[in-house]
Amino acid sequence: ERRAIKMVKSGHGFKVLSSKTEYENPFFKSIKHQVRRPDGKIKPFWTLSRYGDFSIIIPIFPNNETVLVGQYRIPVGDYSWDFPMGQVRGEDPIKTAKQELLEETGIIGENWKKIGHYYLAPGHNEQEVHVYVVKNLKEGKSHPEEEEVLETQRIGFSEVGRMINDFKIKDGPTIVAYHYLEKHLN
């Protein structure tokens, strides 16, 4: 027997009564909230704050190529190919996008367009992801952050799609950004 799911409009009936940071480091903090639910019960709820939004950048070269950034991802124990992306704490998303593209790839772009945005993991995190395409590119030398060990590859859009379908690209934000790119190009 299927049980009906009661849909609750955003925020309706929920009230955060208190919030306390339980752990914090330069990259994230864990927060415990006491929340009154629509049924009146007060329950704890934990969230992970990543100190703001981040940006994903899809450079578009005239020959339908883009750039992917490769790096070893310690949490999953695997090498990952992703679109350039990152976060600059306290910065606006377009400024972050321009800075991250230059740092990770050495590319400077002239024509920027936001093609999408979404919440990364709204069940436990407040981060919003901003997806940009950029054209009229000038290539230069990358300047990754000290803890980053990166490589880049220039690749056709169709090959990115094949890598996603073949499970060679498993990074969720890159996969979502590729979906936005397909919509943008059609």
Side-chain angles (χ1 to χ4, degrees), residues 10 27-28 48-73 75-76 78-186:
S10 179
F27 302 100
F28 66 86
L48 183 66
S49 175
R50 293 294 312 264
Y51 304 117
D53 299 348
F54 77 93
S55 299
I56 298 178
I57 309 95
I58 306 171
I60 298 179
F61 289 94
N63 57 353
N64 290 326
E65 286 185 330
T66 190
V67 171
L68 294 179
V69 176
Q71 61 187 308
Y72 184 76
R73 298 292 193 176
V76 295
D78 202 1
Y79 201 81
S80 184
W81 285 103
D82 317 325
F83 285 124
M85 67 179 79
Q87 174 189 26
V88 179
R89 197 170 173 176
E91 281 298 343
D92 123 324
I94 187 67
K95 188 171 181 183
T96 295
K98 291 176 180 183
Q99 181 176 330
E100 289 294 330
L101 182 64
L102 180 61
E103 283 178 8
E104 293 185 357
T105 68
I107 295 172
I108 296 173
E110 289 183 18
N111 296 347
W112 290 82
K113 182 176 182 181
K114 186 174 181 176
I115 61 169
H117 60 96
Y118 62 95
Y119 290 111
L120 181 63
H124 71 270
N125 179 298
E126 87 290 359
Q127 260 186 325
E128 188 169 354
V129 181
H130 304 269
V131 182
Y132 295 93
V133 293
V134 59
K135 297 179 180 179
N136 293 350
L137 308 171
K138 293 181 180 81
E139 295 182 86
K141 184 172 173 25
S142 64
H143 305 280
E145 294 177 28
E146 186 178 326
E147 68 275 358
E148 293 179 316
V149 179
L150 310 174
E151 66 176 309
T152 60
Q153 69 170 318
R154 211 159 138 175
I155 186 171
F157 296 140
S158 59
E159 182 60 23
V160 174
R162 276 194 289 282
M163 288 175 74
I164 290 169
N165 291 335
D166 293 342
F167 307 107
K168 292 179 181 171
I169 292 178
K170 301 177 204 170
D171 175 66
T174 295
I175 294 167
V176 173
Y178 184 77
H179 169 73
Y180 280 117
L181 175 66
E182 286 181 314
K183 298 288 185 197
H184 172 74
L185 295 176
N186 291 329

Task: Any donor-acceptor N or O pair under 3.5 Å, side chains Gln87, Thr96 - done: no

- [ ] Report the C-alpha distance between Trp81 and Glu151 in whole Å, list the side-chain angles of each, state the deciding distance to 0.1 Å, and finish with yes or no for side-chain contact (heavy atoms from CB on, under 4.5 Å).
- [x] CA-CA 9 Å; Trp81 285 103; Glu151 66 176 309; 3.5 Å; yes

- [ ] Taking only Lys NZ, Arg NE, NH1 and NH2, and the carboxylate oxygens of Asp or Glu, determine whether Arg73 and Asp171 approach each other closer than 4.0 Å.
- [x] no

TODO: Given side-chain contact (heavy atoms from CB on, under 4.5 Å), test Val67 with Phe61 step by step and report yes or no.
DONE: CA-CA 9 Å; Val67 171; Phe61 289 94; 3.5 Å; yes

TODO: Show the numbers, then the answer: is there a side-chain contact (heavy atoms from CB on, under 4.5 Å) between Glu126 and Ser49?
DONE: CA-CA 6 Å; Glu126 87 290 359; Ser49 175; 3.3 Å; yes

Open item on the list: Given 3.5 Å as the limit, does a donor-acceptor pair link the side chain of Arg154 with the main chain of Thr66, or not?
Closed with: no

Side chains of residues 112-121: which donor-acceptor pairs under 3.5 Å do they make with residues two or more places apart or in other chains?
| from | atom 1 | to | atom 2 | distance (Å) |
| --- | --- | --- | --- | --- |
| Trp112 | NE1 | Gly109 | O | 3.1 |
| Lys114 | NZ | His130 | ND1 | 2.7 |
| His117 | ND1 | Glu128 | OE2 | 2.6 |

Task: Given Ile58, Val131, Ile164, Ile56, the one that forms side chain to side chain contact (heavy atoms under 4.5 Å, CB included) with Tyr178 - done: Ile164

Open item on the list: Once side-chain contact (heavy atoms from CB on, under 4.5 Å) is applied, do any residues pair with Leu48, and if so which ones, sequence neighbours excluded?
Closed with: Phe28, His124

Task: Passing candidate, side chain to side chain contact (heavy atoms under 4.5 Å, CB included) with Val160, options Asn165, Ile155, Ile175 - done: Ile155

- [ ] May I ask you to decide if Gly70's main-chain N or O and Tyr79's side chain share a donor-acceptor pair within less than 3.5 Å?
- [x] yes

Task: Backbone N/O of Lys168 and side chain of Asp166: donor-acceptor pair under 3.5 Å - done: no

TODO: List for me each residue that meets side-chain hydrogen bond (donor to acceptor under 3.5 Å, both in side chains) alongside Lys138, sequence neighbours excluded, and say none if there are none.
DONE: Glu110

